J.: 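Supplied in structure tokens, the structure appears directly below.
Each chain gets a letter, A, B and so on, in the order the sequences are listed, and its residues count up from 1. Computed from a predicted model, the values in this text were never measured in an experiment.
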Amino acid sequence: MIDLKLLQKDFETMSKKLQRKGVDVALLEQLKVKNEALKIAKAAFETLQAAQNAMSKEFGVYKREGKDITELKARVDANKIKVAEAIEVQRDAQEALETMAMAIPNVPDDSVPDGADEADNVELKKVLTPREFTFTPKEHWELAEENGWIDFERGVKLATSRFSVSFGMGARLERALINFMLDFNRERGFDEVSVPALVNRTALEGTGQLPKFEEDLYKMDGQELFLIPTAEVPVTNLYQDEILSADELPKRMTAYTSCFRKEAGAAGRDTRGMIRQHQFHKVELVAITTPQTSEIMFEQMVNCASDILTALELPHRLVNLCTGDLGFSAAHTTDIEVWLPGQNQYREISSISNTREFQARRAKIRYKNGKKNEMVNTLNGSSLAVGRTLVAIMENYQNEDGSIDIPEVLKPYLGM
RNA sequence: GGACAAGUGGGUGAGUGGCUGAAACCACAUCCCUGCUAAGGAUGCGUACGGGUAACUGUACCGAGAGUUCGAAUCUCUCCUUGUCCA
């Protein structure tokens, strides 16, 4: 959630920044009005309630002293009605404010470039040079089918479109990648956690998937439980509604989970192959830090993900997401795109974001800074999307005869 | 699935209608004493929002929600969680 106090204090600056994310000024003005209305409503209620409390205390004294309470009772009864009205007003004001505020995206950092969509993202750097092919490289689905690694039709048979099944070396490679990534992250100081794949509404509100993006989540029938779209949700919410001590920060975690997304807005995109599946494996990094150290952590996380690709000898590049491509909760995001020679383009394989206080404020994750409780900063990033890494391996390691070499670093994980 | 019991602050745990935002103890923080590796003393020590330069102060919160009452941690109802017993 955005900082409403700051919006109140410096409306100009904040609204300008949010307008870059396409937030309507009129909406922000309404939000400001609602915030003020809530303050007034609260003050009104509290004054009445204070009177009520005082009279109730007096009531006790009267009874003890055996005084007549008729007059006092009349006063207290009259005030009670006013209190009830005031609390109603306050509750409505609170609800109206929250509904609106929860749908406002995070304020983008000044370093985020303006832009409409992914075409306006800014390349930061390239790592490794794509190899020269002496033949026309194939796309991954062709290679996957040729080698018997992935069966797209049987996935559809079992579930529906955008599901697939991995066989043999394809399945083993997925498992090897997961282990390799987790080990790699652990060596970089990220503790491994294993978390539920189902979470409740509060958790999803905490990280920003709800209330706005419910249509992209799989929801359990008749229960307030959702399949996680990313491990970021359960891992970040591990510390929801907690006050951490400064010396337990930063918290660095890594988790492997399956992720589930309806891909509601992606009809027609990447329909072929395993780039965009409803269920996919991902190894995630999550960090909880003080505001002062979050950018250092961000660099570490970007490097961690990039270094995994380097270790796998997969050419990739880093891009700074523009305002139009930036996610709801992020203050800024670096995407890592891996080179896919079959597609002849770079494709997203990791996304690392600093949400600063945005998620912390929603999920109420604070830390003790001396005597004061302050919001932590939360960061998350993939390291990496497993399916897409497998895609990248297939396309980059392919031979003319359609066979696929195995990256050196994965061989120990495959008993090779 | 059924029966019973319980859910209080960082922890243990008191508290059955007003003097309780909550005793006591432990932990923690600062200071003092002592002086030696352990002990004694003083003070402080929940969260959120609002007012005040500040000292301080108002409101809410004792699993969650609703209700009874002038007044609820305490009574009633629903739900959740945990424990024990039974299937």
J.: Under a 4.0 Å N-O cut-off, is there an ion pair linking K80(A) with D77(A)?
T.: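 The answer is no: the pair does not qualify as a salt bridge.
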J.: Phosphate oxygens OP1/OP2 of rG71(B): is one of them under 4.0 Å from a side-chain N or O of K80(A)?
T.: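 Checking rG71(B) against K80(A), a side-chain N or O does come within under 4.0 Å of OP1 or OP2.
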J.: Using atom C1' of each nucleotide, how far apart are rC19(B) and rA73(B) to the nearest Å?
T.: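 16 Å, rounded to whole Å.
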J.: For nucleotides rA72(B) and rA3(B), find the distance between their P atoms and express it as a whole number of Å.
T.: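 These two P atoms come out 32 Å apart once rounded.
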J.: Over how many whole Å does the gap from L4(A) atom CG to rA48(B) atom P extend?
T.: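 The answer, rounded to whole Å, is 16 Å.
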J.: Please give, in whole Å, the distance from rU69(B) C1' to L72(A) CG?
T.: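 So the CG-C1' distance, L72(A) to rU69(B), works out to 14 Å.
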J.: For nucleotides rG10(B) and rA64(B), find the distance between their P atoms and express it as a whole number of Å.
T.: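 To the nearest whole Å, 13 Å.
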J.: Considering only atom C1', compute the distance from rG35(B) to rC49(B) and round it to an integer number of Å.
T.: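 One C1' to the other, the span is 48 Å.
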J.: Measure the acute angle between the ring planes of F152(A) and H140(A), then classify it against the limits of 30° and 60° as parallel, tilted or perpendicular.
T.: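 Taking H140(A) first and then F152(A), their aromatic rings stand perpendicular (interplane angle over 60°).
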J.: Let's see if you get this right: which residues in residues 81-88 of chain A place a heavy atom under 4.0 Å from RNA chain B?
T.: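 Residues of residues 81-88 of chain A that come under 4.0 Å of RNA chain B do not exist, since none gets that close.
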J.: So what's rU59(B) paired with, Watson-Crick or G-U wobble, going by both distances under 3.5 Å?
T.: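 Pairing partner: rA48(B).
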J.: Give me the atom names and distance for the closest heavy-atom approach of L31(A) to A101(A).
T.: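 So the minimum-distance heavy-atom pair works out to CD1-N, 3.7 Å.
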J.: Can you tell me how far C1' of rG46(B) sits from NZ of K364(A), to the nearest Å?
T.: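 Those two atoms, NZ and C1', are 16 Å apart.
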J.: Stepwise, does the ring-ring contact (aromatic ring centres under 6.0 Å, His included) test hold for Y218(A) with F226(A)?
T.: CA-CA 6 Å; Y218(A) 286 101; F226(A) 302 80; over 10 Å; no
J.: Whole-Å distance between rA64(B) C1' and E224(A) CD?
T.: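 In whole Å, rA64(B) C1' lies 15 Å from E224(A) CD.
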J.: Go through it in stages, so that I can follow the logic: the residues are H332(A) and S353(A), the test is side-chain hydrogen bond (donor to acceptor under 3.5 Å, both in side chains), and I'd like the CA-CA distance, side-chain angles, deciding distance and then a yes or no.
T.: CA-CA 6 Å; H332(A) 72 99; S353(A) 301; over 6 Å; no
J.: Please give me every residue in residues 32-57 of chain A whose heavy atoms get under 4.0 Å of an atom in RNA chain B, ordered by residue number.
T.: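 Listed by number, they are K39(A), K42(A), F45(A), E46(A), Q49(A), A50(A), Q52(A), N53(A), S56(A).
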J.: Using the C1' atom as the reference point in each nucleotide, state the distance between rG41(B) and rA60(B) in Å, no decimals.
T.: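 The same atom, C1', in both gives a distance of 37 Å.
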J.: Mind calculating the distance between CG (N200(A)) and C1' (rU81(B)) to the nearest angstrom?
T.: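 Result: 13 Å.
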J.: Would you mind reading off the distance between Q240(A) atom CD and rA48(B) atom P, rounded to a whole angstrom?
T.: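 That distance rounds to 15 Å.
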J.: Centroid separation under 6.0 Å, is that true for the rings of H278(A) and F260(A)?
T.: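 No, the ring centres sit 6.0 Å or more apart.
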J.: Regarding R366(A), tell me which of base, sugar-phosphate or nothing describes its non-hydrogen contacts under 4.0 Å with the strands shown.
T.: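 Sugar-phosphate only.
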J.: Of the candidate nucleotides rA66(B), rG71(B), rG18(B), which contains the atom at the shortest distance from the side chain of F59(A)?
T.: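 So the nucleotide nearest the side chain must be rG18(B).
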J.: Between rA23(B) and rC45(B), how far apart are the C1' atoms? Round to whole Å, please.
T.: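 Straight-line distance between the two C1' atoms is 16 Å.
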J.: Which one, rA48(B), rG50(B), rC70(B), comes nearest to the side chain of N373(A)?
T.: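 For N373(A), the side-chain atoms sit closest to rA48(B).
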J.: rC49(B) C1' sits how many Å from R361(A) CZ, rounded?
T.: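 One finds 14 Å between C1' of rC49(B) and CZ of R361(A), rounded.
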J.: Is E214(A) paired with R201(A) through a side-chain N to carboxylate O contact shorter than 4.0 Å?
T.: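 Yes, R201(A) and E214(A) are salt-bridged.
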J.: In whole angstrom, what separates L225(A)'s CG from rC80(B)'s C1'?
T.: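 Distance check: L225(A) CG to rC80(B) C1' gives 13 Å.
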J.: What distance, rounded to whole Å, do you find between the two C1' atoms, one in rU16(B) and one in rU68(B)?
T.: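 Roughly 16 Å separates the two C1' atoms.
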J.: Please determine, for rU43(B), whether a Watson-Crick or G-U wobble partner exists with both distances under 3.5 Å, and give it or none.
T.: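 Partner of rU43(B): rA29(B).
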J.: Would you mind telling me which residue lines up with the more 5' stretch of RNA chain B, R91(A) or E58(A), judged by nearest nucleotide?
T.: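 It is E58(A) whose nearest nucleotide is closer to the 5' end.
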J.: What does rG65(B) pair with, Watson-Crick or G-U, if both distances are under 3.5 Å?
T.: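 Paired with rC77(B).
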J.: Checking base pairs now: Watson-Crick or wobble, both atom distances under 3.5 Å. What partners rG1(B)?
T.: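 rC86(B) is the nucleotide pairing with rG1(B).
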J.: Please determine if D109(A) and K17(A) form a salt bridge, counting it only when a charged side-chain N lies under 4.0 Å from a carboxylate O.
T.: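 Judged by the 4.0 Å cut-off on N to carboxylate O distance, D109(A) and K17(A) do not form a salt bridge.
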J.: Any salt bridge between D270(A) and R347(A), counting N to O under 4.0 Å?
T.: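 Yes, this pair counts.
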J.: With both distances under 3.5 Å as the test, what is the Watson-Crick or G-U wobble partner of rA24(B)?
T.: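 The base-pairing partner of rA24(B), which may sit in any strand shown, is rU12(B).
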J.: May I ask you to say whether R188(A) pairs ionically with D183(A), meaning some side-chain N is under 4.0 Å from a carboxylate O?
T.: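 No.
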J.: What distance, rounded to whole Å, do you find between the two P atoms, one in rG71(B) and one in rC85(B)?
T.: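 That atom pair is separated by 43 Å.
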J.: Tell me whether E224(A) is salt-bridged to K219(A), with the criterion being a basic N under 4.0 Å from an acidic carboxylate O.
T.: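 Here E224(A) pairs with K219(A) in a salt bridge, since their nearest N and O are under 4.0 Å apart.
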